[in-house]
Amino acid sequence: MTNLKETIDDERFSEGENLWEDYKIPLTFDQEKMVKWFNEERGAARGGADVFYLMFGITYNCQLKCPHCCVGNYENEPLRELSTDEIKDVLDQSAKAFVINFFGGEPTMRPDLMELIKYASERSVYVFCDTNGIKVTKDYAKQLKDSGLEMLYISIDSPIPEKHDELRGMKGLFNTAVQGIKNALDVRLKCSLSTYVTKETLANGEFEDVIKLGKDLNANGVRYLLPTATGRWLHNIEVKLTPEEEKKVREIADFPFVCRDFYFQTQTSSQCRGVADHVYFYISPYGDVMPCCFMPIAFGNIREEPLKSILERMWDHSMFSESWTHEECPMLSEEFRKKYIDTLPPDKKLPYRIC
C-alpha cells in the first residue's frame, strides 16, 4: 500500500472537484479524506479485512451472450446468488474499502442495485459499476448518481455500430450504449467507455477509433483491457498480444484519459498491480473469493467464513510468491497457466476451490 499512499500524497496533485486536476483524472478528490483513509480507516488499521479494490460480481444474469465474456465460463444459477443482506454483510466486512466495483453479468439486472450502491458509498471512498448500457436511460442514470455512484463504465467493443451489435448479439445495441453514455453525462454522472484490445482492433485502428469516440462524446475516459485467455476465451491462448503489440498499445494509450484497468494500475507494462500488491480481489455472485474474475480459482466462500480469514489464506498462498506475480497478469503468464490453469480438473465446476 505504500506506493499508493505516496501517490496520493504527491504535492503535484491539487485539491478540487476532480482528482489530480493537472492530469485530468475524473474522480472526486478530497485529499484529507484520502489521507485519513490510508492512515485510519482502511481495514488493517481497524483490525478488519484490508480492502483496496473489491470487484464484486453481483449477478451472472445478462441480456447478452458475448463470445469474449470474461465470466462466461461460470454457470448462471440465479438461485445461488447472494441476497441483498449477504452483500451488505460483505460490504460491512470490507469497510472501509477504497473502491467497490459492482460487476456482472449485468449488474443493472438486480432490482436492488441502487440500494447496494448507496450502502457501498457509505462504506467506501469510491463506487464504480460496469454495464452494457441497455438500461441506462436518463432517469436511471440520475438514480445511479443520486445513490452515490462515482463512475459508470459502459462497454463499447467496436466503434463500428454493426460490429459492436454483432459481437454482443443485439441489433441496435451500439446506439443504445452511446445514448447511455450521453444520458449519464447529461446528469453529471461520470462515465467512461470500457473496451478491450485485440490483435485485429490494434492493427485496423479500431482501438484508436474507440478512444476518439470517447473524446467526441466528452466522456470522462476510456478504460481498456488487454486480451486475456479467460472466461469463454479460457483456452484461447492465441489472443495474447506480443510484446511489440503491447508496446504499440501503450504508445496509443494516452494516460490518464486512456487507462488500463484502473487509474492506480500499472500503465507501463502488463503487470497486475492488484495481485502484485495484494490490493485487488473478486467476489462472485455466489460468494466465492478469488484473486480476480479472470482467474477461475477460489480460496473460500464468504457464506462459510469471514472475509478476512479467506484473504489472509489467499495472500499467503505460494502462488503469490512466484516471480510472475510481479511481472505480468498471471493469466498472461505461460508458467502460471501450466501450473494452475492447464491442471484444472475438466469435470469440476468453475471456479475451482484450491484450498
Peer 1: Please lay out, stage by stage, how S318 and S321 fare under the test side-chain hydrogen bond (donor to acceptor under 3.5 Å, both in side chains).
Peer 2: CA-CA 5 Å; S318 59; S321 63; 5.5 Å; no

Peer 1: Establish whether F255 and L213 are linked, either directly or via other cluster members, by ILVMFWY side-chain heavy-atom contacts under 4.5 Å.
Peer 2: yes

Peer 1: Do side-chain atoms of N183 reach the backbone of Q179 as a donor and acceptor pair under 3.5 angstrom?
Peer 2: yes

Peer 1: Only one of N61, I134, T131 passes side chain to side chain contact (heavy atoms under 4.5 Å, CB included) with E106; say which it is.
Peer 2: T131

Peer 1: In this structure, are over 12 heavy atoms from other groups packed under 6.0 Å from K142 atom NZ?
Peer 2: no

Peer 1: State, to 0.1 Å, how close V71 and G105 come at their nearest heavy-atom pair, and which atoms those are.
Peer 2: CG2-N, 3.8 Å

Peer 1: Do E208 and K212 meet the salt-bridge criterion of a basic N to acidic O distance under 4.0 Å?
Peer 2: no

Peer 1: Using 4.0 Å as the upper bound for N to carboxylate O, is an ion pair formed by K163 and E200?
Peer 2: yes

Peer 1: Counting N and O atoms only, with roles assigned by atom type, does the side chain of E150 sit under 3.5 Å from a partner on the main chain of G148, one being a donor and the other an acceptor?
Peer 2: no

Peer 1: Given side chains that start at C-beta, do those of L54 and V99 come closer than 4.5 Å, heavy atoms only?
Peer 2: no

Peer 1: Between atom SG of C272 and atom CZ of R260, what is the distance when rounded to the nearest 0.5 Å?
Peer 2: 6.5 Å

Peer 1: State whether the side chain of R337 and the backbone N or O of M331 hold a donor-acceptor pair below 3.5 Å, judged by distance alone.
Peer 2: yes

Peer 1: Ignoring hydrogens and angles, state whether a donor on the side chain of D139 or Q143 is under 3.5 Å from an acceptor on the partner side chain.
Peer 2: yes

Peer 1: Would you check if the side chain of T230 reaches a backbone N or O of L234 as a donor-acceptor pair within less than 3.5 Å?
Peer 2: no

Peer 1: Looking at D342 and K338, is any side-chain nitrogen of the basic one under 4.0 Å from a carboxylate oxygen of the acidic one?
Peer 2: no

Peer 1: Relative to the ring of W233, is the ring of Y196 parallel (under 30°), tilted (30 to 60°) or perpendicular (over 60°)?
Peer 2: perpendicular

Peer 1: Does K339 reach the side chain of E334, with side-chain heavy atoms less than 4.5 Å apart?
Peer 2: no

Peer 1: Among the clusters formed by ILVMFWY side chains lying less than 4.5 Å apart, do F102 and Y263 turn up in the same one?
Peer 2: yes

Peer 1: Can you give me the closest heavy-atom contact between P291 and I297, atom names plus distance?
Peer 2: CD-O, 3.4 Å

Peer 1: Just verifying a value: how many Å separate I341 CD1 and S333 OG, rounded to the nearest 0.5 Å?
Peer 2: 10.0 Å

Peer 1: I need the minimum non-hydrogen distance between Y352 and P345, along with the two atoms involved.
Peer 2: CE1-CG, 3.7 Å

Peer 1: Return the minimal non-hydrogen interatomic distance between A141 and A184, and the atom names on each side.
Peer 2: CB-CA, 3.8 Å

Peer 1: Between R232 (side chain only) and C66 (backbone N and O only), is there a donor and an acceptor less than 3.5 Å apart?
Peer 2: yes

Peer 1: Do the side chains of V178 and M170 join up, straight or via other hydrophobic residues, at under 4.5 Å, putting them in one cluster?
Peer 2: no

Peer 1: Given Y74 and Y286, is the ring pair (Phe, Tyr, Trp, His ring centres under 6.0 Å) satisfied, shown in steps?
Peer 2: CA-CA 10 Å; Y74 305 134; Y286 314 139; 8.7 Å; no

Peer 1: Do L193 and L173 sit in the same hydrophobic cluster, where Ile, Leu, Val, Met, Phe, Trp and Tyr count as joined when their side-chain heavy atoms come under 4.5 Å apart?
Peer 2: no

Peer 1: So do S121 and L149 actually touch side chain to side chain, heavy atoms under 4.5 Å?
Peer 2: no

Peer 1: So does E206 get a backbone contact from the side chain of N204, meaning a donor-acceptor N/O pair under 3.5 Å?
Peer 2: yes

Peer 1: Can you give me the closest heavy-atom contact between T198 and P227, atom names plus distance?
Peer 2: CA-CG, 4.5 Å

Peer 1: Can you list everything that forms a salt bridge (Lys or Arg N to Asp or Glu O under 4.0 Å) with E245? Sequence neighbours excluded, please.
Peer 2: K199

Peer 1: Please work out which of the three classes, parallel, tilted or perpendicular, describes the rings of F52 and F98, given edges at 30° and 60°.
Peer 2: parallel

Peer 1: Check this for me: does any side-chain nitrogen of one of D186 and K182 sit under 4.0 Å from a carboxylate oxygen of the other?
Peer 2: no

Peer 1: Between I156 and I181, does a side-chain contact (heavy atoms from CB on, under 4.5 Å) hold up when you go through it step by step?
Peer 2: CA-CA 10 Å; I156 297 291; I181 295 167; 4.3 Å; yes

Peer 1: May I ask you to check whether N220 and S192 show a side-chain donor-acceptor distance below 3.5 Å?
Peer 2: no

Peer 1: When you compare the side chain of C191 with that of I154, does any pair of heavy atoms fall below 4.5 Å?
Peer 2: yes

Peer 1: Before accepting this row, confirm whether a basic side-chain N of the pair R223/D130 lies closer than 4.0 Å to the acidic partner's carboxylate O.
Peer 2: yes

Peer 1: Determine, step by step, whether F262 and F128 satisfy the ring pair (Phe, Tyr, Trp, His ring centres under 6.0 Å) criterion, reporting the C-alpha distance in whole Å, the side-chain angles of both residues, the deciding distance to 0.1 Å, and the verdict.
Peer 2: CA-CA 11 Å; F262 178 52; F128 301 158; 5.6 Å; yes

Peer 1: Are R250 and E246 close enough for a salt bridge, meaning some N to O gap below 4.0 Å?
Peer 2: yes

Peer 1: Does any part of the side chain of I302, heavy atoms only, come nearer than 4.5 Å to the side chain of L82, both counted from C-beta?
Peer 2: yes

Peer 1: Answer yes if I354 and L311 sit in the same cluster of Ile, Leu, Val, Met, Phe, Trp and Tyr residues linked by side chain heavy atoms under 4.5 Å apart, and no otherwise.
Peer 2: yes

Peer 1: More than 12 foreign heavy atoms under 6.0 Å from CD1 of I237: is that the case here?
Peer 2: no

Peer 1: Does the side chain of R273 come within less than 4.5 Å of Q265's, by heavy atoms?
Peer 2: yes

Peer 1: Taking atom types as modelled and ignoring hydrogens, do the side chains of Q63 and N132 form a donor-acceptor contact shorter than 3.5 angstrom?
Peer 2: yes

Peer 1: Looking at E305, I want to see if its CD is surrounded by more than 12 non-hydrogen atoms of other residues, nucleotides or ligands under 6.0 Å.
Peer 2: yes

Peer 1: Does the T176 side chain pair with the main chain of G172, one donor and one acceptor, at a distance under 3.5 Å?
Peer 2: yes

Peer 1: Do the non-hydrogen side-chain atoms of F320 and M314 ever get within less than 4.5 Å of each other?
Peer 2: yes

Peer 1: Answer yes or no: is there an ion pair linking D92 with R123, defined by an N-O contact shorter than 4.0 Å?
Peer 2: yes

Peer 1: Just checking E122: does its CD atom have more than 12 heavy atoms from other residues, nucleotides or ligands closer to it than 6.0 angstrom?
Peer 2: yes

Peer 1: Measure the spacing between OG of S155 and CG of L64 and express it to the nearest 0.5 Å.
Peer 2: 9.5 Å

Peer 1: With no hydrogens and no angle check, is any side-chain donor or acceptor of T59 less than 3.5 Å from a backbone partner on R110?
Peer 2: no

Peer 1: Measure the shortest side-chain to side-chain distance between C129 and Y153 over non-hydrogen atoms and say whether it is less than 4.5 angstrom.
Peer 2: no

Peer 1: Is a donor on one side and an acceptor on the other found under 3.5 Å between the side chain of E86 and the backbone of S83?
Peer 2: yes

Peer 1: Roughly how far, to the nearest 0.5 Å, is the CE atom of M295 from the OH atom of Y282?
Peer 2: 13.0 Å

Peer 1: Taking atom types as modelled, find out whether D157 and H68 have a side-chain donor-acceptor pair closer than 3.5 angstrom.
Peer 2: yes

Peer 1: Please assess L226 against L241 for the test side-chain contact (heavy atoms from CB on, under 4.5 Å), listing each intermediate value before the final yes or no.
Peer 2: CA-CA 8 Å; L226 294 174; L241 301 184; 4.1 Å; yes

Peer 1: Okay, side chain of Y126, backbone of T28: is any donor-acceptor separation there less than 3.5 Å?
Peer 2: yes

Peer 1: Would L225 and D261 count as a side-chain contact (heavy atoms from CB on, under 4.5 Å) if you check the C-alpha gap in whole Å, the side-chain angles of each, and the deciding distance to 0.1 Å?
Peer 2: CA-CA 6 Å; L225 304 176; D261 297 343; 2.9 Å; yes

Peer 1: Could you walk me through whether Y140 and L113 pass side-chain contact (heavy atoms from CB on, under 4.5 Å), step by step?
Peer 2: CA-CA 11 Å; Y140 195 88; L113 180 60; 3.5 Å; yes

Peer 1: Could you tell me which non-hydrogen atom of Q271 sits nearest to which non-hydrogen atom of T266, and how far apart they are?
Peer 2: OE1-OG1, 2.7 Å

